[in-house]
Amino acid sequence: MSTGSLWGWLTSSRAPVPTKGHPDLYPLEVERLTRELDLLEQARRLGEAGLPDAGARTISGPEALVVQRIEKARQDYVDWAVRRLGILDRDFARQEVMPPVNRARQADKAFERAASALLSEHEVVLQSLRGAALARQAELDAFKERNRLQRDADFPSPGRKALLYGMLLLMVAFEAIANSFFFAEGVSTGLVGGFVFAGVFAATNVALAFLLGKVAVRQLAHRAIARRVVGLVALPLALGAMTTIALATAHLRDALTAGAPDAAGVALQTLLASPFVLGGIASWGLFLVSMLFAVASLVDGLKTDDSYPGYGRVTRRALLAAEDYDAELDDLRDAMASLRNEQLGALERDLRESQGALLVLDNLIGDKRATLSRLSNALHDADNSMDALLKRFRTENEIHRGGAPRPAYFDTLPTLSPLGQPAVDVAADEAAVARLREPVEALLAEVEALRASIQTAFSRQYDRLAPIGTQFAPGTPA
C-alpha cells in the first residue's frame, strides 16, 4: 500500500454502515455518504500533501471506503432479491390448482354418494313409519269394507273439537246461571246458594247427556244389529234420564220453596208419586231450561266424532300414521335439498379457488419480474453512486494538489467484485401456469353440465321419496 493510501485509510471516517437489505429502505444518497465518509475533507488534506502519488496504481483509503460501501450495498441488494425470490418460490409452490379442479369434476358423484348415505341413514325409520302407515290404512280400508262405508269420515278438526268441549263447559255455566234464579227463591242463602244447587244439577245434567250422545246414542248409525239395538235402547234411556234429571231439579226447587225440612226426601217422594205435577211456572221454566241444555249437550256429544261409531277413531289413526311418515319424509327431503345446495356451493367455491390460485400464480410471476427489475435498478444506482462519490473525491483532491500531477488511475473506475446473481427461470413458471390453466378452462366449460348432473341426481333421489298417499289407491288394502 502506498503512503497516500495508508494515510487515507488512517484518516477515513469510521461511521457505521446501514444493515437494511431492502432497496426501498436502503437508498444510496450521494450527499449523505459524502458527509458520512468526510470525502471532501479527506480529498483536501491528501491533495495538500500531494497524495495519492502521481504514480499510484491503487486507490486511496477514502476511495477504498467508497468502494467498500458500494459493494456492501450491492451485496445487500442481491441478498434481498434472493430472499424475496425464495419467498415467492415458496408461495408459488403452495398454490393448489388441481385439488379444487379434481373435487369440482367429481361434484356430481360426491353428491350421489352423500345422498345415498343420507337415505341409508333414514331408511330404517322411514320403513318403520311406512309400514305403520300402510298397516293403519289397511285397517281403515278393512273397516270401511266391513261396514260398507263409501264416504270419508266426517269428524271435527282439533280446533273444532276444542270448540265443542268449550261449548260444553259454557252450557254448564249458562245453565247454572239460568237455574240459579229459579233456586234463589227457595234457598235461604239467596242467589249465591241457588247458584251452588244449580251448578251441581247443571253439571250432572250436561255431562250425562253429553256422554250418552257421544257413546251410546251414536250406536244407532251402526250397521250391526246388536250395536243398533244398543242405540235404540240408549235413545229412550237418554231421553228418560234427561227428563228425570230435569224433573228432579224442578221437584227439588218446589221442596225448597215449600220450606220442607228434608227437601231432598220430599222431592224424591213427589217425583215418584206425581212426576209431572210441579209447583208453578217457575218450576216448569226450570224443567224446560234443564231439558234444553240436556238436548244441546246430547247433540254436542254426537258432533264430537263421525256419526258412524269407530269410523272417526280408525280414520284418525290412519291419518296420524301417514302424517308421521310424511313429516319424516319432509325432513329427509329438506336435508336432501340442503345437501344439494351445499354441493353446488362447494362446486362454486372450488371453481373460484382454482381461478384464484391461477391469479395468484400470475401475480407471483409478476412479482418475480418486478424483483429482478428492482434489483437491476438498485445495482445500476449503486454504480452511479460510486461514480459520483469518486468523482467528488478526485475533483476536490485535484483542486488542492497545488499543481502536482494527478494519478493516472483517476481516469478509471475500480472494478467491483462480481456478484452471484439469483437464478430465476420465469419462463418455466409461465409454462407451468399455462399447463395448469388448461384444466381450469376445461372445468369452466363443464361446470354447467356438473350443475345439471347434480340437479338430476337430486331429482332422481327426491322422486324416490314418495308421500304415503301415493303408495296405495284409496279403498284398496295395502
Side-chain angles (χ1 to χ4, degrees), residues 84-127 130 326-373 423-467 470-471:
R84 176 65 179 161
L85 291 170
I87 292 171
L88 294 175
D89 281 337
R90 287 195 297 273
D91 290 345
F92 195 95
R94 280 200 293 264
Q95 297 305 311
E96 294 186 338
V97 176
M98 290 310 298
V101 169
N102 292 334
R103 285 197 305 269
R105 284 181 166 174
Q106 297 295 316
D108 53 346
K109 296 181 178 60
F111 173 76
E112 287 272 14
R113 291 192 296 271
S116 297
L118 183 64
L119 288 174
S120 298
E121 180 182 342
H122 288 77
E123 185 176 6
V124 174
V125 175
L126 274 178
Q127 289 296 333
R130 179 180 180 274
D326 288 342
E328 179 69 18
L329 202 64
D330 288 341
D331 290 343
L332 181 54
R333 283 178 161 183
D334 290 342
M336 189 87 65
S338 297
L339 193 63
R340 175 203 57 192
N341 295 337
E342 289 174 5
Q343 194 61 56
L344 289 172
L347 174 60
E348 298 299 327
R349 288 193 298 273
D350 287 336
L351 179 59
R352 289 196 300 270
E353 183 179 342
S354 60
Q355 291 175 313
L358 283 179
L359 182 60
V360 170
L361 292 175
D362 288 336
N363 291 336
L364 290 172
I365 290 175
D367 287 346
K368 286 186 178 183
R369 291 187 184 277
T371 299
L372 293 175
S373 176
V424 180
D425 190 355
V426 177
D429 292 338
E430 290 177 333
V433 172
R435 289 192 297 272
L436 292 172
R437 199 179 305 279
E438 293 178 0
V440 175
E441 291 176 350
L443 175 60
L444 278 171
E446 299 171 9
V447 69
E448 287 302 327
L450 288 169
R451 292 191 188 105
S453 181
I454 291 173
Q455 183 60 44
T456 299
F458 169 75
S459 299
R460 184 168 56 252
Q461 299 284 14
Y462 192 93
D463 290 342
R464 291 175 55 191
L465 306 175
T470 65
Q471 300 184 28

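Remember, predicted model here, so these are calculated numbers, not experimental data.
- Between the side chain of Ser354 and the backbone N or O of Asp350, at least one donor-acceptor pair lies under 3.5 Å.
- Scanning all heavy atoms of the two residues, the minimum distance from Ala357 to Val97 falls at CB-CG2, 3.6 Å.
- With values rounded to the nearest 0.5 angstrom, Leu332 atom CG is found 12.0 Å from Asp326 atom CG.
- Residues Ser116 and Gln461 are in side-chain contact: their nearest non-hydrogen atoms beyond the backbone lie under 4.5 Å apart.
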Test log, rule side-chain contact (heavy atoms from CB on, under 4.5 Å), inputs Phe92 and Ile365
CA-CA 8 Å; Phe92 195 95; Ile365 290 175; 3.8 Å; yes

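- What you find for Met336 and Phe111 is that their closest heavy atoms are O-CE1, 4.1 Å.
- Smallest separation of non-hydrogen atoms from Leu444 and Gln355: CD2-NE2, 3.4 Å.
- The shortest side-chain heavy-atom distance between Leu118 and His122 falls under the 4.5 Å cut-off.
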Does the pair Glu112 and Gln343 meet the rule for a side-chain contact (heavy atoms from CB on, under 4.5 Å), with working shown?
CA-CA 10 Å; Glu112 287 272 14; Gln343 194 61 56; over 6 Å; no

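- Considering all non-hydrogen atoms of both residues, Leu347 and Ala107 come closest at CD1-CB, 4.2 Å.
- Within the model, atoms CZ of Arg113 and NZ of Lys109 stand 8.5 Å from one another, a figure rounded to the nearest 0.5 Å.
- Atoms OH and CG, on Tyr462 and Leu329 in that order, are 8.0 Å from each other to the nearest 0.5 Å.
- Contact annotation: the side chain of Leu339 approaches that of Glu342 to within less than 4.5 Å [non-hydrogen atoms, C-beta and beyond].
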Pair Asp367, Arg84 - check side-chain contact (heavy atoms from CB on, under 4.5 Å), show working.
CA-CA 9 Å; Asp367 287 346; Arg84 176 65 179 161; 3.8 Å; yes

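- Separating the CG atom in Leu359 from the CG atom in Leu364 is a distance of 9.5 Å, to the nearest 0.5 Å.
- One distance of note links CG of Asn363 with CG of Asp91; it measures 11.5 Å at 0.5 Å rounding.
- Interatomic distance, Met98 CE to Glu96 CD, rounded to the nearest 0.5 Å: 11.5 Å.
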Check residues 429-438 and write down every donor-acceptor pair under 3.5 Å in which the side-chain atom is one partner and the other belongs to a residue at least two apart or another chain.
residue	atom	partner	partner atom	Å
Asp429	OD2	Lys368	NZ	2.6
Glu430	OE1	Arg369	NH2	3.3
Glu430	OE2	Arg369	NH2	2.5
Arg437	NH2	Asp362	OD1	3.1
Arg437	NH2	Asp362	OD2	3.1

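- The two residues Arg105 and Leu450 make their nearest non-hydrogen contact at O-CD2, 3.7 Å.
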Walk me through whether Val424 and Asp89 qualify under side-chain contact (heavy atoms from CB on, under 4.5 Å).
CA-CA 10 Å; Val424 180; Asp89 281 337; over 6 Å; no

